[in-house]
Amino acid sequence: MLVRDLEGTLLAGRIVETEAYLQDDPASHSFRGRTARNAAMFGPAGRAYVYFTYGNHFCLNMVTGPEGRGEAVLIRALEPLAGLDVMSRLRGRSAPRDLLSGPGKICQALAITRELDGHPLDRPPLRLLMDGWDPGEIVSTVRVGIRQGADRPWRFYPSRCRQWVSRP
DNA sequence: GGAACGATTGAT
DNA sequence: TCAATCGTTCCT
């Protein structure tokens with residue numbers, strides 16, 4: 001689960017769609033080496049990598065590789081669990097399926113910006129928590145919105161959670 | 001200093 | 001299917 005502490009309110013969602021980005025991966029921001037933008041990707045695992053794209057949106061990753069490696073997992077969709085009223089206000093939309101079904105939507109609904117780039121995800125105001133939830137069968141497909149490395153099947157989601165994932 | 005592009009989204 | 005929008009990267 002991803003839990004956001006926002007001005008005394010708890011916003012939470014279950015991670016139901018991810019994409020992997022490795023260093024030896026032409027689709028990855030880390031492919032051409034370390035820059036000011038992607039520095040967090042090369043830091044220790046367990047931290048956030050937040051970037052700004054298309055002039056409008058932020059996207060959240062969890063850094064996964066050892067220090068110096070440049071690997072991360074993009075969080076593409078969450079099933080809303082708590083704080084749906086605040087998420088709706090931040091999104092300007094109320095349909096639960098339209099609150100967190102995309103990487104840009106997640107950051108808008110949870111008020112995640114570059115201020116959280118590099119934030120360790122084991123503490124407020126943004127935490128990754130484990131519960132006993134069993135995702136069941138995991139489906140893998142090619143990644144969304146990329147050209148280089150488009151053949152690698154590194155997008156993942158539980159088949160039972162298809163209703164919460166981003167549009168195909 | 002400048003141009004091209006993008007791990008997207010919402011409207012058409 | 002298409003435009004919006006601007007930070008980042010790469011080239012001159």
Q: Go along nucleotides 7-12 of chain B 5' to 3' and tag each nucleotide: B for a protein heavy atom under 4.0 Å from its base, S when only backbone or sugar atoms are that close, - otherwise.
A: BBBBB-
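Cation-pi geometry between A:Arg97 and A:Trp164 is not met: the NZ or CZ atom fails to fall both under 6.0 Å from the ring centre and inside 45° of the normal. For the pair A:Arg143 and A:Phe156, the cation-pi criterion (under 6.0 Å, within 45° of the ring axis) is not fulfilled.
Side-chain atoms of A:Asn38 come within 3.5 Å of backbone N or O of A:Thr35 as a donor-acceptor pair. Checking side-chain atoms of A:Ser101 against main-chain N and O of A:Val165 turns up no donor-acceptor pair under 3.5 Å.
Scored by the side-chain hydrogen bond (donor to acceptor under 3.5 Å, both in side chains) test, A:Asp85 finds no partners at all (sequence neighbours excluded). For A:Arg123, the side-chain contact (heavy atoms from CB on, under 4.5 Å) partners are A:His119, A:Pro120, not counting sequence neighbours.
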Q: Quick one: the dot-bracket string of DNA chain B, using Watson-Crick and G-U wobble pairs with both distances under 3.5 Å, [ ] for crossing pairs and | for bases paired to another strand.
A: ||||||.||||.
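In this structure, A:Arg127 does not pair ionically with A:Asp122, as no charged nitrogen and carboxylate oxygen lie closer than 4.0 Å.
In this structure, the separation between CG on A:Leu78 and CZ on A:Arg14 is 10.0 Å, given to the nearest 0.5 Å.
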Show which side-chain atoms of residues 50-65 of chain A pair as donor or acceptor with protein atoms under 3.5 Å away, not counting sequence neighbours.
| residue | atom | partner | partner atom | Å |
| --- | --- | --- | --- | --- |
| A:Asn56 | ND2 | A:Tyr54 | O | 3.0 |
| A:Asn61 | OD1 | A:Leu74 | N | 3.4 |
| A:Asn61 | ND2 | A:Tyr49 | O | 3.3 |

Q: I would like to know whether A:Glu17 and A:Arg155 meet salt bridge (Lys or Arg N to Asp or Glu O under 4.0 Å); could you show each step before the answer?
A: CA-CA 7 Å; A:Glu17 182 187 352; A:Arg155 170 177 178 249; 2.7 Å; yes
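Contacts between chain A and DNA chain C, taken as any atom within less than 4.0 angstrom of a protein heavy atom, begin and end at C:dA4 to C:dC10.
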